[in-house]
Number of protein chains: 2
Amino acid sequence: MNVPRTIEWIGDLNGHVRMIDQTLLPAELKFLECHDAGSVWEAIKVLRVRGAPAIGIAGAMGLVLGVREAEEGDQEAFFEKLREQRDYLAGARPTAVNLTWALDRMVAVANDCSAKGVAEIKAALLNEARRIRDEDAASCRAIGRLGAELIPDGGTVLTHCNAGSLATAEYGTALAGMYVAHEQGRRFKVYSCETRPLLQGSRLTAWELTQAGIEVITICDNMVGALMSEGRIDCVITGADRIAANGDTANKIGTYGIAVLADAHGIPFHIAAPASTFDLNCSSGSEIPLEQRSADEVRSLHGRPTAPPEVPVYNPAFDVTPARLIHSIVTDRGIIEPVSSEAIARILHST
Amino acid sequence: MNVPRTIEWIGDLNGHVRMIDQTLLPAELKFLECHDAGSVWEAIKVLRVRGAPAIGIAGAMGLVLGVREAEEGDQEAFFEKLREQRDYLAGARPTAVNLTWALDRMVAVANDCSAKGVAEIKAALLNEARRIRDEDAASCRAIGRLGAELIPDGGTVLTHCNAGSLATAEYGTALAGMYVAHEQGRRFKVYSCETRPLLQGSRLTAWELTQAGIEVITICDNMVGALMSEGRIDCVITGADRIAANGDTANKIGTYGIAVLADAHGIPFHIAAPASTFDLNCSSGSEIPLEQRSADEVRSLHGRPTAPPEVPVYNPAFDVTPARLIHSIVTDRGIIEPVSSEAIARILHST
């Protein structure tokens with residue numbers, strides 16, 4: 001896979017974090033070298049790194065940077081510093097569930113080592129941060145091996161937003177099957193919806209698939225119907241932000257419309273997501289909270305207005321696709337097909 | 001109706017053409033005062049005036065400017081100048097059917113007056129240009145009176161692109177019913193799709209409805225499904241670029257996807273267009289030619305990239321909505337409902 005690593009730790013404990021600055025894509029591929037927690041905090045804050053798994057990895061690695069200078073003689077001061085840095089980094093994106101999940105996992109590892117010296121705890125923390133990254137990569141690869149089977153040789157796949165390498169350690173979720181199919185020498189084309197308002201599809205998905213040598217065609221979100229009616233789409237694969245116990249799936253705004261169109265044209269619609277995306281506390285999609293975002297995301301681009309500055313805007317970040325429109329859900333533990341509460345429970349209780 | 005006139009002739013034969021410079025909207029409302037054919041040609045060329053009827057009016061008025069300085073003693077030289085200016089203006093947008101239609105109608109009027117003196121022919125041409133404008137305004141008002149009945153009091157309407165006052169002499173087609181309903185004191189809300197890639201919905205429709213005091217909310221094109229699933233849309237009204245003999249309708253890319261979503265949610269989907277939009281030479285939508293436009297419309301905005309510069313793009317200007325998804329077609333001669341070849345033929349043969 002030729003896509004540069006989204007984020008990784010370079011060297012030993014004296015090393016640093018290297019990540020792709022995603023705010024500069026697709027115009028420029030620039031790596032950000034972070035030598036302290038402050039620069040990781042800033043990168044998370046302004047979306048230089050984005051995508052739930054990638055943010056979690058950044059937080060974990062940022063925490064290593066935040067405590068590695070701590071004096072090794074004073075364990076109490078070390079743990080105080082650890083908690084302070086944990087809270088600091090968690091504040092970079094307060095609503096990102098993966099960020100606090102990863103930071104708390106790091107703190108738990110430190111607590112487990114509290115009988116040891118500070119130097120050993122620091123080493124354990126670096127190991128853990130790397131493990132979080134490697135586990136995510138393994139999870140994405142597992143999704144990819146299963147997802148690849150959905151892609152017909154010589155066929156075309158449609159995807160929405162960026163559920164790719166850039167959102168994870170590598171491979172991604174929706175795009176993982178495409179990378180594996182490409183490695184297997186299968187030939188196919190990807191149509192990538194640009195994904196208004198923030199254009200993650202045209203800025204990021206088109207960029208990373210091009211890097212990998214996969215044929216990708218960018219379209220505006222409103223062109224999906226025309227493509228499908230012309231018989232040019234064989235299947236749809238998207239990621240997921242949260243999946244309810246019954247299979248209803250919240251994902252980037254626009255996903256639901258694509259699922260309805262796929263259904264109307266008899267085209268299979270698949271979701272690809274790790275088991276951690278399921279939220280069994282939500283029995284159905286109606287219980288998933290849907291974030292409304294700033295009107296200015298829609299009203300301007302590149303600092304210039306695209307609409308009257310005072311016009312009201314409806315700008316939900318997500319919509320919900322009901323389980324009945326989802327042909328299968330590809331997880332790191334297996335494929336759920338057909339989608340039902342029972343099949344989901346069965347996969348989640350397997351190990 | 002508080003929306004400024006898109007285009008009009010100011011004064012007598014010594015007067016000039018005044019039009020809204022639509023390239024500056026929504027940031028600035030600026031009127032362009034054209035005193036010669038060259039400035040009208042430039043305005044058509046770079047889309048300061050756009051929308052099929054408005055372009056036709058601009059061409060007709062531009063032709064008056066192009067010949068009014070001609071010597072009055074030499075009729076032969078006058079007709080030569082007329083043909084030269086006709087061809088010059090027609091070249092500003094070679095594929096715009098309304099432009100050549102309006103110019104040829106002007107030339108025919110001059111030919112009909114050829115027994116008269118040049119001064120009288122010039123006066124007849126100015127009258128005809130004004131008549132083309134007034135006929136379009138009357139046609140739009142007729143559509144508006146019928147279209148207003150589709151808008152429920154207290155309801156919400158969704159529209160796509162700009163089939164409004166700015167595309168015509170005034171009132172528009174899809175928006176005409178909204179203006180009339182507003183004049184009648186009916187209360188309703190309009191959701192306006194921004195309409196990628198050129199954003200005619202957020203730049204123009206949102207602007208002109210705001211000017212008129214009609215409540216309008218801008219959305220990205222991919223938000224239609226979410227709105228409909230929340231029960232927030234009562235009906236859809238869009239314009240049309242060309243309607244086949246069986247009712248299949250070509251309109252701005254994205255219209256078909258909206259029609260499929262409306263059908264899936266049991267929401268009526270209407271087209272509003274003058275009788276001149278029907279093309280009986282096309283028996284069905286498959287015979288309507290669909291223009292592919294430049295990839296850079298999708299790959300950049302405001303001069304900055306929104307996608308990798310080399311990525312292939314699929315950018316059709318239009319899609320086709322099959323008649324079976326269209327609840328009614330509102331024309332200046334009456335409403336066609338249900339939509340069938342027979343009902344269309346009946347309306348078109350009425351006068």
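Note that the structure is a prediction, hence the values are computed from the model and not measured.
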Return the option, out of B:G225, B:P322, B:A259, with the maximum number of heavy-atom pairs under 4.5 Å with chain A. B:G225
State, to 0.1 Å, how close B:P308 and A:S202 come at their nearest heavy-atom pair, and which atoms those are. CD-O, 3.1 Å
Can you tell which of A:V320, A:D319, A:T255, A:I219 has the highest number of heavy-atom pairs within less than 4.5 Å of chain B? A:I219
Using non-hydrogen atoms only, which part of A:T210 is less than 4.5 Å away from chain B: side chain, backbone, both, or neither? side chain
Donor-acceptor pair, distance only, cut-off 3.5 Å: does the side chain of B:H302 make one with the backbone of A:L301? yes
Whatever's closer than 4.5 Å to a heavy atom in chain A on B:L204 counts as neither
Smallest heavy-atom separation, B:A206 atom then A:V311 atom, equals CB-CG2, 4.1 Å
As an exercise: rank B:T205, B:V260, B:I258, B:T218 by heavy-atom pairs under 4.5 Å with chain A and give me the winner. B:T218
When rounded to the nearest 0.5 Å, the distance separating CZ of A:R196 from CD of B:E194 is 4.0 Å
For A:Y314 versus B:I217, what's the shortest heavy-atom pair and its separation? N-CG2, 3.7 Å
Restricting to non-hydrogen atoms, name the atom on A:P26 and the atom on B:A307 that form the minimum distance, rounded to 0.1 Å. CG-C, 3.3 Å
Among B:K252, B:M223, B:R203, who wins on heavy-atom pairs under 4.5 Å with chain A? B:M223
Pick from A:L227, A:N315, A:T195, A:D263: which one has the most heavy-atom pairs with chain B under 4.5 Å? A:L227
Which atoms of B:V224 are under 4.5 Å from chain A, going by heavy atoms: the side chain, the backbone, both sets, or neither? neither
Can you tell me which portion of A:E230 sits under 4.5 Å from chain B's heavy atoms? Options are side chain, backbone, both or neither. side chain
What's the shortest heavy-atom distance between B:I253 and A:A226, and which atoms? CD1-CB, 3.8 Å
Does any heavy atom of chain A fall under 4.5 Å from the side chain of B:Y256, the backbone, both, or neither of them? side chain
Between B:D221 and chain A, which part of the residue has a heavy atom less than 4.5 Å away: side chain, backbone, both or neither? side chain
Please rank B:R232, B:H160, B:E297 by heavy-atom pairs under 4.5 Å with chain A and give me the top one. B:R232
Which atoms of A:A264 approach chain B - backbone, side chain, both or neither, heavy atom under 4.5 Å: side chain
